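Since this is a predicted model, take the numbers as computed values, not measurements.
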Amino acid sequence: MSNIKQELLQKIESKELVVGVIGLGYVGLPLAVEKANAGYKVIGFDVLPEKVKMVNEGHNYIGDVVDEELSELAKNGMLRATDNFEEVASCDFIAIAVPTPLDKYQQPDISYVKKSTTDVSKYLKKGSIVVLESTTYPGTTEELMLPILEEGSGLKCGEDFYLAFSPERVDPGNKIYKTKNTPKVIGGVGEDSTEVAAALYRNVLEGEVFTVSSPKVAEMEKILENTYRNVNIGLVNEFALIANKMGINIWEVVDAAKTKPYGFQAFYPGPGIGGHCIPLDPFYLTWKAKEYDAHMRIIEASGSVNDFMPEWVIDRSLRILSKKFKKSLNGAKVLILGIAYKNDIDDLRDSPALVVIEHFRNEGAELDYYDGYNPSYIDENGEKVNSLKELTPEVVASYDLVVITTNHSNVDYQMVADNAKYVFDTKYATKDVKDNNNNIELL
């Protein structure tokens, strides 16, 4: 066993290891909190001064982090934040959890990973390990990060430092699986990198830690996870389109299908797909596949269906107003219920509801929204848009059409149905509602 590997494993076991987490967002902050809870001193790095300030003051801004835990960790010095990357030099273990969005051409924007890796390379010390957690295309760890780290530090991977990839698995709002109890996959550059990274995560997490043969395997499996969801949502959305034309309730169809105890997993339709992972991750692979003269036809097809769903919502809304009230969408009063990308959270990342809102406005609709989790948001023009403060029978009755785009559980859907002129429900939030007025239409 090499001295560096032995020293790192001893520091992990004795909790003397100093952990750095770069990027204190939906992935990084929960990760930092769990590592600090496990007894490791943690330094969080972020370029946003407001995040640094909030963490150091013990103020939480991520739903999956327990307020009291962050407050206590900040108070006792187990977790602190900084925007000074020189402090990387004091870290033995550096996790990078920065955004990996797509650009306007649906190509990976890897600039945050590249910048963070470059910053780390300047202060990387001998006897440390770097782990990338950001979802990315297969090859990022070895083809992009490895040369930057070696050139910037003057150190040799496998001899002076270790490098691995371990994809984040975060499901905002999940009541059962959090960072601590979700299984983890790790693939390192060489067996020693994998062993050291796995040793730390096994000391931090309750979920099982699985090791794979390389970073590329780990990078690819993460894309497979979310492509599986993207494609199946695209499939059920396409089923929803034809089911509507045939007068069939697609939710009843899915619920009937899932009675089969094997070979089927339920996915449900909606106004589109949102969040950081499902709409984006598959396209990292379609981009990379072009290097091999390959086309990911199923991914491209499901992306096309899912991207069409907000337009379908507008088209259906237009037909409802025309058929039921002989009104055009231009000038109609429309109320959107829920703008988060999934129920009972405040996460707006790539929310299809925001795309639906933009389409409605482009068609001239007079639009308001209500979302108890999101009192305001910044629209595509950089302007602040405020939610209605309350949802009352009088408020609901004042709109020509109510469109449910997120099925938050804190909404009285029976009250909405009883008082609305008409309800277009894209999420089956009204499943248990008595349609006394015959005024509910499903996606």
Side-chain angles (χ1 to χ4, degrees), residues 4 8 11-12 16-36 40-59 61-62 65 70 73-74 77-101 108-136 140-157 160-168 188-189 193 196-197 200 204 215:
I4 289 175
L8 276 170
K11 284 183 176 181
I12 290 169
E16 295 174 17
L17 193 85
V18 177
V19 175
V21 177
I22 297 174
L24 296 175
Y26 285 88
V27 175
L29 186 59
L31 187 67
V33 166
E34 290 304 337
K35 288 177 177 176
Y40 297 98
K41 284 283 183 73
V42 178
I43 304 172
F45 298 85
D46 205 284
V47 295
L48 297 177
E50 56 268 30
K51 284 187 178 180
V52 171
K53 184 173 185 291
M54 289 181 74
V55 170
N56 287 333
E57 292 175 351
H59 297 152
Y61 50 88
I62 298 293
V65 171
L70 177 59
L73 291 170
M78 292 301 292
L79 172 59
R80 65 182 179 85
T82 181
D83 58 3
N84 180 10
F85 274 78
E86 292 183 11
E87 295 203 45
V88 167
S90 64
C91 298
D92 305 294
F93 185 105
I94 301 107
I96 298 177
V98 294
T100 48
D109 176 1
I110 214 74
S111 59
Y112 298 100
V113 172
K114 187 175 183 180
K115 175 69 164 58
S116 298
T117 305
T118 301
D119 289 339
V120 168
S121 73
K122 297 173 185 176
Y123 307 105
L124 186 67
K125 68 180 181 180
K126 188 173 183 178
S128 57
I129 180 168
V130 179
V131 177
L132 177 63
E133 292 242 352
S134 307
T135 303
T136 184
T140 302
T141 305
E142 292 162 289
E143 296 168 11
L144 177 75
M145 294 181 66
L146 179 56
I148 292 174
L149 290 171
E150 287 190 335
E151 184 177 342
S153 67
L155 303 175
K156 182 73 173 173
C157 182
D160 304 314
F161 73 95
Y162 296 123
L163 176 63
F165 179 78
S166 182
E168 54 88 3
V189 180
S193 293
V196 171
L200 176 65
V204 170

Do the side chains of [Y] and [X] get nearer than 4.5 Å, heavy atoms only?
| X | Y | answer |
| --- | --- | --- |
| Ile4 | Tyr162 | yes |
| Glu168 | Leu31 | no |
| Ile96 | Met145 | yes |
| Cys91 | Ile43 | yes |
| Ser134 | Val27 | no |
| Phe93 | Lys35 | yes |
| Thr117 | Leu144 | no |

What pair of heavy atoms forms the shortest contact from [X] to [Y], and how long is it?
| X | Y | answer |
| --- | --- | --- |
| Ala74 | Asn56 | CB-O, 4.0 Å |
| Ala164 | Ser193 | CB-O, 4.5 Å |
| Asp46 | Leu24 | OD2-N, 2.8 Å |
| Gly28 | Val21 | O-CG1, 3.5 Å |
| Val98 | Gly23 | CG1-CA, 4.3 Å |
| Leu70 | Val33 | CD1-CG2, 4.2 Å |

(message) If you apply the rule ring pair (Phe, Tyr, Trp, His ring centres under 6.0 Å), what do you find for Phe45 with Phe85, and how did you get there?
(response) CA-CA 7 Å; Phe45 298 85; Phe85 274 78; 5.4 Å; yes

(message) My understanding is that only one of Thr118, Thr100, Thr136, Thr141 makes a side-chain contact (heavy atoms from CB on, under 4.5 Å) with Val113; could you say which?
(response) Thr100

Roughly how far apart are [X] [atom1] and [Y] [atom2], rounded to 0.5 Å?
| X | Y | atom1 | atom2 | answer |
| --- | --- | --- | --- | --- |
| Phe165 | Thr140 | CZ | OG1 | 7.5 Å |
| Asp92 | Ile12 | CG | CD1 | 9.0 Å |
| Asp160 | Glu150 | CG | CD | 9.0 Å |
| Glu142 | Leu132 | CD | CG | 11.5 Å |

Flag if over 12 foreign heavy atoms under 6.0 Å of [atom1], [X]:
| X | atom1 | result |
| --- | --- | --- |
| Lys114 | NZ | no |
| Lys51 | NZ | yes |
| Glu143 | CD | yes |
| Tyr123 | OH | yes |

(message) Side chains of Thr82 and Asn84 only: does a donor on one sit below 3.5 Å from an acceptor on the other?
(response) no

